[in-house]
J.: 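I'd like to ask you about the structure that follows.
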Amino acid sequence: MLAFLVLVVPSAQFVYSSLVIEYPASGSLREVPPPLRLYEAEAPGMLGANNTSINISYMLTGNSYDAVPYSSFDDGFDGWRYYENDPQGVLEGYWWEDGYISLSGRDVPGSWLGGYYGWHLIFNNLSFLPGEITGIEWSYRYSLTYSWYPSTSFEFSLEIYDWNTSSVVAVLDDFNPSETGWTSRSGSTEWRPEPGHVYAIVLLLRVPYGWLLSYSYDFFIDDVHLTVYTSSYSVENLEVANVTCLEGAYNAWLEVETVSGSGNASIILINGAYSTTKITIVNGVPVSTSTTSIPFNSSDILLRTGSIVIDASLDSGESLEASLILAYGSGGVEVRYPVRLYLYTP
Amino acid sequence: MNRRKILLGALLLATVTVSMLTYAGVVVVYPITGQITEVAPPVIFEKGDNADEPGLGGNTLTVSLGANKTSAHVSLQATYQTTFIHDVLRVSNTDNSQGYYIKIAVEDTISASEISEATLHVDQDGDGTYDVSLDLTTSGSMSDEIFLDKGASVSLDFKIVIPEGASLSDSPISFSLKLLYSPESGGTNVNIPP
């Protein structure tokens, strides 16, 4: 009996002798119409009642895709413009039109002894899907206009650079442009990407050291494509849903919730000025599960609308189902819309 | 004369009886003294990093604190699907000598038929996952205990789910909570008097 009391009394004291302080907190919650909304795009989709969800079902029928990222060389042209009398002074001149995404440029000054005033590069990473490649074709077009052409013509080449080995692994085209106006060039290559390597397509202009130092010309490149033919069904740069920002400014990104089935896909979110990194699914397994974020802004024409864009390849009979989230937010608020993607083959 | 004596005796008896009824107990009086020391509140509300930042629909995630940071009001927004509101309101332990055990209790719920889920979440250990959740749609519900170490702070995050197809309310939806804290584990289990 005594032992019972000894056990019970401290317990009772513990429960009822506490010092407890209480503060009030309150809040109000306002329900607002969705500022970011989903819409159907190239692929057939079933939109939710308030444009805050979409189910996309798409049959892959093609057997080729473009390894050059969507719109990187398509909306307008890129290139170099030389107006100076002193070529050494204009080697800063790589540039590209507004509205391009993902492009990078670099100048590599040359030397008199090296025979070049400098090298000028524009490059962009390539996107290869896993799977057997049966052929690769390249194509682009260029425009040359000049007032004074250099005494020694400049050289242009289209190359593939391997970031893993820091080396040029394929020279697709290499010549001295002389035709004025727009000229198309195309060809094929036996080169094939190594799995796991990251490659860039490089537009390289080499300006030679010439006797005539005064020259003035524009050299532009457009519609650069690297068409990859596969033994499987594939699709590239397919807009599966459009995104419109009706109010405010937000950052948006994609996440993977679940993936089932088999096949390969890469998924990005783009708008008029930016592109996220990719969600990559290899053999039905998500390798990367979220993208970086890009800004959307209802008052900026380049940032008002965007798209969810996919590349995908499936063998015959395969299907791939991915439950994605389109997330967006600003400061402390984050909104998440479900996006279901179902890909299949004939 | 005899009757007078009897009457006098009866009066005396009645007086003694009444006196005994009133004063007959043994009364012992002990002195009790005390003092109350008013101290600065060791646990306070604070604005999170995202307080007063833009929210949804042109609104602001407004946070108002009481004069002594012992009360708080938040103005939030949500839209269809799932809306998270991160780090607008924090609970901080400014006492560098000891930790406190806190709980959040729902007093007035978020009651709106179009809202399928309204929860408050706390990431106690800062690992990016929520450890404690509280259903804001159930009256009287109370969170698990959260230990707030000396000098520590936790964010009160909100998750609101409004299914597509529902009609959005034109008017803000009010709710109220209580923050309870105690220096003892289990101390907030006591029934709080109204």
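In this text the structure is predicted, and so the values were computed from the model without any measurement. Chain letters run A, B, ... following the sequence lines, proteins first and then strands; every chain starts at 1.
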J.: Of the options A:Val20, A:Leu19, A:Ile21, which is the one that meets B:Tyr181 in a side chain to side chain contact (heavy atoms under 4.5 Å, CB included)?
T.: A:Ile21
J.: Which atom names give the shortest non-hydrogen contact between A:Ser26 and B:His73, and what distance separates them?
T.: OG-ND1, 2.7 Å
J.: Chain A heavy atoms under 4.5 Å from B:Leu168: which part of the residue, side chain, backbone, both or neither?
T.: both
J.: Please classify the contact of B:Ile160 with chain A as side chain, backbone, both or neither, using a heavy-atom distance under 4.5 Å.
T.: side chain
J.: Identify which part of B:Asp87 has an atom lying under 4.5 Å from any heavy atom of chain A, answering side chain, backbone, both or neither.
T.: neither
J.: Closest heavy-atom contact between B:Phe175 and A:Leu29?
T.: CE2-N, 4.5 Å
J.: Measuring from A:Glu22:CD to B:Lys103:NZ, what's the distance to the nearest 0.5 Å?
T.: 13.5 Å
J.: Side chain of B:Glu164, backbone of A:Thr52: donor and acceptor closer than 3.5 Å?
T.: yes
J.: With respect to chain B, which residue among A:Pro34, A:Gly248, A:Ala327 yields the maximal number of heavy-atom pairs within a distance under 4.5 Å?
T.: A:Pro34
J.: Can you tell me if A:Glu31 uses its side chain to pair, donor with acceptor, with the backbone of B:Ser169 under 3.5 Å?
T.: yes
J.: Indicate the atoms forming the closest heavy-atom contact of B:Gln81 with A:Ser53, along with that distance.
T.: NE2-CB, 3.5 Å
J.: Considering non-hydrogen atoms only, spot the tightest contact between A:Arg30 and B:Pro172 and give its length.
T.: NH2-CG, 3.3 Å
J.: Side chains of B:Glu53 and A:Ser330: any donor to acceptor distance under 3.5 Å?
T.: no
J.: Which bit of B:Ile85 comes within less than 4.5 Å of chain A, counting heavy atoms only: side chain, backbone, both or neither?
T.: both
J.: Counting only heavy atoms closer than 4.5 Å, note whether B:Asp157 contacts chain A via side chain, backbone, both or neither.
T.: neither
J.: Could you check which of A:Ala249, A:Pro33, A:Pro24 has the highest count of heavy-atom pairs closer than 4.5 Å to chain B?
T.: A:Pro24
J.: I need the minimum non-hydrogen distance between B:Val43 and A:Tyr23, along with the two atoms involved.
T.: O-OH, 2.6 Å
